[in-house]
Structure formats: C-alpha cells, structure tokens
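Below you'll find the structure, written out as structure tokens, and then a few comments.
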Amino acid sequence: MERNFKEIEERLAKGWEDAGIFEADPIKGKPKTFITFPFPYMNGPLHIGHALTSTRCDVYARFKRMQGYNVLFPWAWHLTGEPISGAALRVKKGDREQIKIFKEMDGVPDEELEKFTDPEYIASYYIKESKQSIKQLGHSIDWRREFHTTELHPQFNKFIQWQYLTLKEKGYVKKGTHPVIWCPNCLSPTGDHDRLKGEGATPVEFTLLKFKFEDAYLPAATLRPETIFGVVNMWLNPDVDYVKLKVGSEKWIVSRQAAEKIKEQKEDVAEIETVMGKEMIGRYCTHPISKEDILILPAAFVDPDNSSGVVMSVPSHAPYDFVALKDIQKDPESVKKYNITKEMLDSIKPISLIEIDAFGEHPAIEISDRMKIKDQNDPRLEEATEIIYRAEFYKGILKENTGKYAGMKVMEVKKMLVADFEKIGVADRMYEVSEEVICRCNTRNIVKILKNQWFLKYSDEEWKDRVREALNDMIILPHDARSNFEYTIGWLDDKACARKGGLGTPLPWDREWKVETLSDSTVYMAFYTISKFVNEYKIKAENLTKEVFDFVFLGIGDISKIAENNNLDEELLKEMKAEFDYFMPVDFRNSAKELIPNHLTFYIFHHVALFKKDKWPRIIGVNGMISIEGDKMSKSKGNFVTLKNALSKYGADTTRATLLYSSEGMKDPDWRFKSAMDISKRLDAFYDLALQIIEMDGEPGTGSARDESDANQPKPPAAFSLKRQIDRWILGRLQGHIKKVTDDYENVRTRSAFQTAFFDIFKDVRWYMRRDVPQKEILNHVLDVWVRLLAPCIPFLAEDIFSKMGGNGFLSVSRWPEADESLLNEEAETGERLIEKTAEDIDSILKVTKIKPKKIVIYTSPIWKWQVLEIVRGLEKPDMKRVMERAMKNDELKSKGKEISRYVTDLLKNITKIESRKRIDEYMVLSEAVGFFSREFGCEVEIFPAGKRDIFDPLNKKNQAAPMKPAIYVE
RNA sequence: GCGAGAGUGGCGGAACUGGUAGACGCGCUGGACUUAGGAUCCAGUGGCUUCGGCCGUGGGGGUUCAAGUCCCCCCUCUCGCACCA
C-alpha cells in the first residue's frame, strides 16, 4: 500500500485535536513535565531551524507523556522589538527589498501584502500561518494557553509589568548611562544585523587632551594619552571646516563631524561659529602640562570623520607624526603661505618619553627608517604604527621626563593618567566607532551616550552566585554546553533592558521606554500556567494587578482581599495558583546554542531573581545551528527553507525524522534535500514492512497485545512460544533496544534514538524474517513495541500503524515499553552471531572456490578449544607458559598437550581479536539452523562436532574448527 | 583576540570509561526475483599490495602491550563575544 502521508497526517492531526489529548490540566498525584520552546519571532514564517528545535521539544514531550507524565507543552508568539514595526514602516514607504522578501521568500500574496503596513497585521498573518505549520508538524501542544507578547496583548502586558516592578523592587533594575552605536537618521541604536557595513564595530573611548588656543581649547583625540609628554606640534587639516563649540563652560574647536558626535555625547553643547582649518595653521596653542607653545601645522591625514579631528604630534613614538613632520621640514616652501618659517620648523625636535628594549631613543623614527617609508602617503605607515603601539604598550616604560609616572609601564599607567588629567581639567573623553558603521538606512553612524537608560544589573555578584547555584542543580544537555553557561555568567555585565522604538511592554514607571526583546522573554513560561484561565474566562487586564500576580506566583497576600480588590472570583484565583504550583518549574527548555550567551542565561537569572528555588529551571537542552546544503541559511542567499514548504514537500514525519537524525550534541546539523528523500524512502519501506506484518497469516490482526484493564500496555512476551533460538534472540535484542532508546530520549539524543529505534530494529526484523519462518505473534509484539519507540520521532506513521494493528485509543497517549531484563539473552545473541558468521564464511569460500555447492559440512569447535580459550581469557597477562600450566592441571586437557600448545600460539598471536563471548553449544545451535543454511545455499547441509571420531571429513577440515569459527567443507 | 565545539571512506556520519576504526544510511559494483523497475532481497565496497601483508581518523611530536580517543605544538572550519531577534 502506498504511504499517503498527506491523508494520514491530516486525519491524525484532526483526531488528536478533536480528542484533546494534548491538553494538560493538573492531576493530583500525577507527576508532571513542563516543556517550553522559546517563542518564535513573528516577522516571517517559521523555518526549518525553528522546526529542529521545536521538534526536539515535542519528542521529549511525547516521550514523557508515554512514560506516564502529565505533560504540558504550550506555545506562544514573540512580537517584541523593532523588526516587525520596521518592516511595516518599510512596506508603507514602498521599500522594494522588503516587499520582495515578503513576496518571494515568504510567499505572501498581493492582497495580504497591502495590509502589511500595519505591524499588528503582519504579526497576526504569520501567527496564523505558523500555527497551522506547527499543528501540521504534529506538535503535541496545549493550544488553550496560546498568547503573544507586547501591549498588543493587554494581559501579558500586565505580566511583564509585574515582572519589572518586582525586579526593580528587588534592586535588579537600575538607571545608567552607556555608549551605543547610534543612527542619527533612525534615532535608535544600530545592532550588528541592522548594519550595511561595520558588523562587529563597537564604541571605542578616546582621550581628549585639551590644548589652550586663544579663548578655546583644541581637544586632541588619542588612544595614547601618556604620549602627551612627547607632543611637539599639533596637526589640523587645512581643508576642513572646524566648529567652535560651547561645551558646558568651555569652548572647544573640533571638526564639523566631531561636533555632531559631541552633541550626542556631552551635556550642554551649542555651536558658536565656524572656523576654517587653514585659519588656525601657523599659530600656537599651549601644551596643557608644560605650558609651552605648540605650533599648529597642516596635515592632510587628519580625518575630520575620526573622533575630534584634532591630532597631537608625537614624532618620537608615532610614525605618522614623524614622517609628516619630516615631509614638511624638507619642504618649508609648502607652508610658507601659513607664515611658517624654516626656523620655526627647524626648532621642532622629537621628544622621547618611552623606554623600550627593542628600540633606541626614537622608536618611530627607527621603524620608519627600517621600513624605508617614503612619505606620509606610504600605506605601510599603518603597519609601522601598529608595531610601535603594541611594543610600547606591552613593554614600554615611561622615562624621567614624565614626572610622577616615570618608571611605570605604559599598560599600567594609562588609566591612572587619564583620571589624574581629568581631575585637573586637562583631559576629557569622547567615543568613536571602532570602524565605519553604515546603517541599513544608508546613514553613517556615530556613538551616542544614552542617558537615563534602564539596565538589568547582571553584573551583580550576589545575583551571579545564585545563578551559579541554580546552574549547578540543573541538567544541561549536552553536558559539554555547561561551560558555555559558566563562561557567560562570568563576563556578563549590566544590560540595557528597554528601548524606545519597536513593539513591547512599556516600563510601568517610565512609559516612554519599552522592555526590549531579550528582557521580556525570560520568565513568561510562568504565564502559560495561567493563560488558560485568561483565555477561557476572558480575564481583564485591569484585574491582573501586581498583587494578583504576587499571590499566584509567590503566595503573597490574603486571597479574599485580593479577589475583592480585583473583581476576581476567589475560586478562580485559587485555581490559578494551583495551576502555577503544579506545573512550574519548567522541566525542559530547548534552543539553538547561539542563545546560550544571552537568552538561556538570562532565563536562569530572572527565575532566580523572581521565584523560589523550587521553581527554578530543571533541564536546558541546546542544539547546533542548522545549515542548508552546507551553507548558512539566509534570506539574502535565497536558500531559506520554510517549515511550510518542507511540510508540503516531504510531510511531517519525514521532516521531523530528517531533522532529528541530522545531528546531535552541539554539532551543526545540515539540511539536505537528498537526506530528506532518503529518509522518506526508508519510511516508505518501514510502512510496507509494518503492513506486511499486520497482514501476515496467523492469528487475526489484533495479535498484538492488549489487555482490557490497561488498554495499551504491550502484552507480556512470556506468553509467546520461545522454543526457537531466533525467537529468543529477537525478543532479547528488543529489550536491549528499548533500554538504549529510552536512555537516548531521556538525554534528548535524537540522532542515536532514531538510529536504534528505526534502523537497528529494522535490521533485526529483517534478519528474523530471513532466518526462519517468522511467528506472527512475535512480529506483532515487536511491531507493537517498535511503533511505541518511534512514536516521539514519527508520530503520524507510528500512530497510523498502531491503529491498523487494532490498537486501542491513541498511540500518542499509550504506555512506553519497559525492557524486560529477563528476556535479555546473551546465549541466543551469541548463537545468532555464530550462524551469521558461519554463513558469511561459507559465502566467501564459495566465492573463492567458485563452487556451486552440492553439499556443505560444518564442523563445530571441540570443547577443549573453548576450555583453552577460557583459560587465556581468564589470565590478565597470558603467555604460553602460564596458559600451559593452567591447562595441564585439567585432566581432560592433559592428553592434548601438543595440540593445545599449537592452538595457544595462534590465540596469543591474535590476542586483541579474541571476542569475549560465553561458551555455547555450537553443535546444537547450528543443527537447529540447518534449514536456514540449506535454504540460503540451496543444498544439503550437515553439522558435525569436530571432537567426534569417525565423521565424514574428506579434506581433514575438522581440525581447523575453533570457537565461533567452525570448519567448513564444501563439495 | 577571548570562550566553546569540530576536523574520520566517494558522501552524511558511528565508535559510551584508550581494546578488531569506518556502525547505520546514501552512492557505487555484482547477483537474485521480475513484463518492467528509480521497487524489493542478498553480497561486496578506506588505500596500497609481489596476496604474505603493509599503510591509514587535519599536520608534527609524545605516553602505552594497545591511541580517533590521553599529553604537548601547529593548521583549518563552525558558533558566540551584548543593546539584536
């Protein structure tokens, strides 16, 4: 029969939904498992990466449900942040790129696209579509608890406000100031992914050293404030417009571009007038420390876009300065127009202030000579600067002329020096981007100091300690990932938790700020436990006050008063609290590994801050990052695989199995079209085999295994006839598989689980059917266990086969099989191994001799060889002498000294190859399999024990017979 | 640069505490069954080979009776390093 996955999947999804089997309510005394998937962001359709992570959650949910846990697996949607509202705005403006993404990548039809100017509409569109996909994918979700974030959901909004009010109360939220990369056009911080250029760029702090110039200051920007002691001239760009600024009570002269930055970084800044660069050249400013006159010289290399546009010159330690100065000194004519004379130029001499072993008096001069740098346009100046900077920073020591800093290392003195200079009003600071940043809106970005920004105090050591405590009690899967959490907790610093743009929940005490996306996704799982009531009873947002949440989540307050104050039924309030108490904490949460340094760690932080210890998270699972055909998945590359497309192409089971089988641990899985096709074919084959078993002759189809009292428990196998080794073998193997698969699911090792539950059992069943006439009852039982083991991975197919077997109710809520240790059968295992190996050996003999066999004779090992083998195995360091000593003590062996020594020599040669199997009665095992051998090779087969006298043995083969390696004669 | 993970056949990938490397799947080769087969079943499949073996887990050293696995050095790839979902 054809496997029509569409028909099967649609029918069963509806069946599950109609029966409501995935809806979970508290059941007294029944253990629960609470599983959550990080709610997806709805600015586009779900993709195959979401599906990987969510399917891992669903596998765990289905597994635990079958194990008898009351499993709650809810779902919600994340709308917080800029992208949805940004996209809506771009659609409104007719942005072609954006419209193309919606149309071509996401497949949004034109009539829908028209409404995409509204962020709420975009969200609702994708929620609808995604919900459909998740249902189709067979996730066992309790949809009654569905919700979405931001103020678009007033009740959830209240929940986040409760969270933040509580955090603030506890002192985990504070006000702060912070430099960010800022787009002056969008009027918002620009994150990495919002940049056309400058990914990875960060704000860098420059020290401004203020040189008095007439009634103002020239603030020279530098990363090397200690070199102030070596300044001999000043550089300004003659072709640049400078601006005189009022900065507080001072006046600064900086480039026009710098003025715009300073406005974003300082208080009380106003522009006074424009000053042309060339007007200032040839005049003198005053050194802030030595008070000496410093000549201002022209320099084209001064970039008005970089920091203040004012550069101090330290030719002794800065190659640029040295080379530029030399260029001018060589050609005094060029600066004559600024009224600069040769004498003025010649009086400028480098001042050395840093001592370093690798260089002499003037390192910058030395390196410029060494590298034969021609002039200030030489591109290698960059490299020279780098070399000197590094060498001096790590190894340099300040000289006598630096006053109180003399003798100190450069790397140690920086901070102290800046602090000192700031104190005496000589230094200030400004921020600059570490490299050019261009926003997606095509605007060049600057650094802005955000004031009155709200921060989560992740730097708090006490908080961190409690997070570490929580982490210690948690299970991290895979275990390797734990160190990533520890590392993250270590470096985590205060984090801005609110933004001004995009969608979100306003901070209750400062409503112009909205809780940003990584900060409103940390404890929302608690909301699932009450969203059922919110949805069902349409509880109003205004009734969800802080005291209500305090009561439900923390057990604080008097229930009657709270009920009255908030117009809520007391019973309802009680039920909400009971629901929370029952289902919390979250037992299992899973996501991709990229979320460890932020979301997953924040998740622990907030739980620890808000809830009692018994509500802290239990297990976190992580998986790798998915790629498509070996490439990173991205919309711009056009290799974006949506869940919807995968489902329509391959169906749910194939999609699930392909994902689950694609990787394990932290390895990055790769989605390949071909793998999906392979899996699909294998599933077809499995379906055929299952139907074949069901339709086999024998007891009518109900063969497997139910009893009325416990509808879905597999039948105790003891009732089967286990006379044949092959029957004992397959049941024994099955127990081993049950144990392994159970352990794999427990640790969410889906690849291993699927390997065993699908392929390994498949292989065993094939062997069973080939080896002898199969017993229908046994196959029915195997299939019954088999579909249970597969149900978490391929729920539709497993469920369908289960129902075709005549199973009662739904497999999805049937019992998980338990391994029956008493059925593990090493003897049968060894026996089958012997048969398999013997068949292989005969095969290769036939191949080499090219005989078409008329008769095959198999000679099994004599007992004494087993005995000798056991002696060898029993010795820690076997050698000939010790083995023979032992053997000669045995009366049965004594008479065979010569033969034994020959055999032992052989054994010791291949000592590493000895299999440690228990002795079996080979003669009996092979005799039982005579039928199998004759069928396989199409001829008469005889078995003799090699130890027996007077047996048919024309080529004297029997002496070669050894344990697990019978001798073979073919004619 | 820092932290984490990884590098194994033609391919995807196994190998838990060091113990027959390449499980399982794909592909390929041969065979069986077939009106047919892109179906199914069976067998073979790391390289070299004078057919006795020899060499093989990114590269180079080391520990051990025994190393993909442990130790040291180096190379390459992936993810993360925050105001972004």
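Quick note on labels: first sequence line is chain A, next is B, and so on, each numbered from 1. All heavy atoms count here, side chains included; hydrogens, waters and symmetry mates do not.
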Please work out which of the three classes, parallel, tilted or perpendicular, describes the rings of [Y] and [X], given edges at 30° and 60°.
X        : Y        : value
A/Phe39  : A/Tyr524 : parallel
A/Phe937 : A/Phe933 : parallel
A/Phe156 : A/His153 : perpendicular

Is [N] paired to anything, Watson-Crick or G-U wobble with both distances less than 3.5 Å, and if yes, which nucleotide?
N      : result
B/rU63 : none
B/rC33 : none
B/rC28 : B/rG44
B/rC81 : B/rG1
B/rG9  : none

**Prompt:** For B/rG9, does the glycosidic angle fall within 90° of 0 (syn) or outside that (anti)?
**Reply:** syn

**Asked** Listed by chain and number, what are the salt bridge (charged side-chain N to carboxylate O under 4.0 Å, His left out) partners of A/Arg935, not counting sequence neighbours?
**Response** none

[X] near the nucleic acid: base, sugar-phosphate alone, or nothing, with a heavy-atom cut-off under 4.0 Å?
X        : value
A/Phe762 : nothing
A/Glu594 : sugar-phosphate
A/Ser752 : nothing
A/Asp493 : base
A/Thr80  : sugar-phosphate
A/Asp668 : sugar-phosphate
A/Asp631 : nothing
A/His599 : nothing
A/Leu518 : base

Identify which nucleotide among [options] has an atom closest to any side-chain atom of [X], counting heavy atoms from C-beta outward.
X        : options                : result
A/Tyr487 : B/rG3, B/rC81, B/rC24  : B/rG3
A/Arg766 : B/rG25, B/rC24, B/rA43 : B/rG25
A/Asp480 : B/rG5, B/rC26, B/rC83  : B/rG5
A/Arg682 : B/rU40, B/rC83, B/rG5  : B/rU40
A/Arg770 : B/rC26, B/rC79, B/rC42 : B/rC42
A/Ser483 : B/rA4, B/rC83, B/rC2   : B/rA4
A/Pro189 : B/rC24, B/rG27, B/rC83 : B/rC83

Quick check on [N]: is either OP1 or OP2 less than 4.0 Å from any side-chain nitrogen or oxygen of [X]?
X        : N      : result
A/Lys593 : B/rA4  : no
A/Arg499 : B/rA82 : no
A/Arg751 : B/rG12 : no
A/Lys667 : B/rG12 : no

**Message:** What I want to check is whether an N or O donor and acceptor connect the side chain of A/Lys495 with the base of B/rC83 at under 3.5 Å.
**Reply:** yes

**Request:** Measure the distance from NE2 on A/His737 to P on B/rC24 and round it to the nearest whole Å.
**Result:** 12 Å

**Asked** Are the aromatic rings of A/Phe5 and A/Tyr650 close, with centres under 6.0 Å apart?
**Response** no

**Request:** Would you confirm whether the ring centroid of A/Phe640 sits within less than 6.0 angstrom of the ring centroid of A/His47?
**Result:** yes

**Message:** Rounding to an integer number of angstrom, what distance separates B/rG80 and B/rU63 when you compare their C1' atoms?
**Reply:** 35 Å

**Any pair counted as salt bridge (charged side-chain N to carboxylate O under 4.0 Å, His left out), so long as it reaches residues 496-505 of chain A, sequence neighbours left out** = A/Lys500-A/Glu512

